[in-house]
Amino acid sequence: MTNIENAKDMIVCRDVQKWYDEFHVLRGISTTVREGEVVVIVGPSGSGKSTFIRCLNRLEEHQEGDIIVDGIELSHDIRNIEAVRREVGMVFQQFNLFPHLTVMENITLAPTNVRRWPKDKATQIAEQLLERVKIPEQAHKYPGQLSGGQQQRVAIARALAMQPKIMLFDEPTSALDPEMIKEVLDVMRDLALSGMTIVAVTHEMGFAREVANRVMFFDQGLVIEEAPPNVLFNNPQEDRTKLFLSQILHH
Amino acid sequence: MAATASTMPRRDDRPPFDFSYWLQTNLLSVGKIITLLVLIALNIWIIRTGLRVNPLTTTIVVVLWAIFGGLIAYNMVRHNLVHGMLRAVKVRIYTSLHGSLISLFLLVALGLALYAFVRYITFWPRWEAVVVNFRLLMVGRYPRSLTWRPVAAALFVVVLGVASLLTWGPVSRRLYRYRKVMIGLWLASPIILGIILYGVGAPFDAPDAGPLGRVNTRLWGGLMLTLIISVIAIIVSFPLGVMLALGRQSQYPVIKYFCVGYIELIRGVPLLTVLFMAEFMLPLFLPGGLTVDSLIRVITGFILFSAAYLAENVRGGLQAVPRGQYEAAYAVGLNTYQTTRRIILPQALRAVIPAIVGQFIGLFKDTSLVAIIGVFDLLSIGRAVLGQQEYRARQAEIYLFIGLIYFVGASGMSYASRRLETRLGVGER
Ligand SMILES: Nc1ncnc2c1ncn2[C@@H]1O[C@H](COP(=O)(O)OP(=O)(O)OP(=O)(O)O)[C@@H](O)[C@H]1O
Ligand SMILES: [Mg+2]
């Protein structure tokens, strides 16, 4: 996390706009995420947070503006899209593990098929990752046999197995029971402290305060305000930010 | 709490049987009374019929039913409880007023059927119709002198099947390395079986035809033909159906609408029409002079038909796979092909195994329709046998035998499907 100012740009967004038919979801997002930076996105439901983060690995297509990830511009060119997806890991709210594969197979599938690593190497790395997310003993179970928190940690390991340069998280803890949230946040915190570039949609304020370099507040498809966490949380400038913060803090 | 628990009535001192309550629960609504009347009418009808055709069995069943019913009713009224064997009978047969009447109907029907069956078995059926015509039923008009060839083909398949079971089974790890050989043999088996059954070189009745002379497929028939048609149609239509289902979801309009059009067209016409088209219209479309063996045309008809239905089954499975699965697969960098092959299809197919196997069982049985275009499958050979003067009266035996073969085939597939489902853990993951 040292000296983000001079680090190279990992994600550059210039005036990104997106429509669902008539509905203008993203109305001009510009931002730059530097290598090693941890960015947390907050905002009311329907403000376009998920849509934005999913544009970053082209699960959604933007119509206007540029998105450049690790020097590669996201366009209709499928080779560019696949190149970006190799370098960007993503963790979903609903885990989305592959239910017909064991934990080990979930993690090694992409490295062996996309990176074309030999099976031994992929397995070895998967074992290290499972160690890191603290469930080495679950390797040969199926996702359906794990708790929500364990599943989400497998999902993180699966994303990390590709050795991505960037990790995207879309509300990774909101489908979890309270007692499981901590185990996932612990893993995410370790990851952030290890220097990974992270963009995370989450309303876990503790996590944001602790590891985020910057918090972006989204509303109605626009970035209303962005600042380091203690500034944005303690001293918001915009009325909409204040209103939003008061609502989630009262929860 | 403790006080109420101790005053809770034990089983034995529940309130005694209440007749008016019983009447209320059993005869409360018009619907219940109507079903009751219908059931009584049904019972009167079957008991009267039964008394006419087989008074002894019918009387025994009715009397037993009445005795047990009476015993249970007596026990209910006296002790409000039924014990032991009587209880087991009550649970199964006298579930309610309506249930008891349905049981009576079914028991009488069952008794009559059982009696008829026993009588048939004791007047031992004359199986010689099957025995004498066994070769005909198995291989049709395949030349008698060459019967060893279908036998060799069957042996080849059986041996290969058993060997594969051993190689893949838990017998010994040392057998695993023969798996590649097995796969090779299976892949080569169409050619091997083709050479054995169809032959090479001159027609078999020509003087210089060796032991493997060509045998025209017009002479093939019986169970052999039924199996050939259904197995080839099943194996070929499966990948075709999967491709059609995937094509239906394609983003390219040409592919998509071709698949939709094909599927809807085939599903819109009866199988017989497809078979007629394959038999009589396909030759018209082929470039002049080119002829395709009639058997191949028939099999093509089945493949085309089955693929369309399979595609719809697979589409159901594809729709059952959540969007998140595609997203997760793309997000880890898999391309469209890898995503389909590794993530989507395994889940989609697994979800529709019962439907697909059901469809294949249907296909297996529908092969009997080829009789209508003059192909001698098992059933039409059976009818041909019955056409002979001396076997005219042996319908029961011939149809029982044929039915048994179909039953073994169909229930075998059904069993395999259930094994496969448990192996793949459908529903528990
Ligand atoms: N596939 C879609 N088609 C049409 N509209 C969509 C689609 N996906 C999302 N939207 C709309 O776009 C808006 C932004 O959705 P998005 O999921 O990005 O919100 P969000 O900020 O992530 O909200 P939440 O906190 O509830 O997850 C919402 O109004 C949603 O209804
Ligand atoms: Mg969202």
To the nearest 0.5 Å, what is the distance between [atom1] ([X]) and [atom2] ([Y])?
X: A:Q63; Y: A:H24; atom1: CD; atom2: NE2; value: 8.5 Å
X: A:M196; Y: A:E37; atom1: CE; atom2: CD; value: 14.5 Å
X: A:R153; Y: A:R132; atom1: CZ; atom2: CZ; value: 14.0 Å
X: A:R85; Y: A:I72; atom1: CZ; atom2: CD1; value: 12.5 Å

Geometric cation-pi criterion B:R418 and B:Y415, 6.0 Å radius, 45° cone = no

Engaged part of B:Q338 at the chain A interface, taking heavy atoms whose separation is under 4.5 Å = side chain

So, for B:F305 and B:Y309, is the gap between ring centers shorter than 6.0 Å?
-> yes

Please classify the contact of [X] with chain B as side chain, backbone, both or neither, using a heavy-atom distance under 4.5 Å.
X: A:N57; result: side chain
X: A:F92; result: side chain
X: A:R54; result: side chain
X: A:Q94; result: neither
X: A:L168; result: neither

Among the options A:V84, A:I78, A:L97, pick out the one with the most heavy-atom pairs lying under 4.5 Å from chain B.
-> A:L97

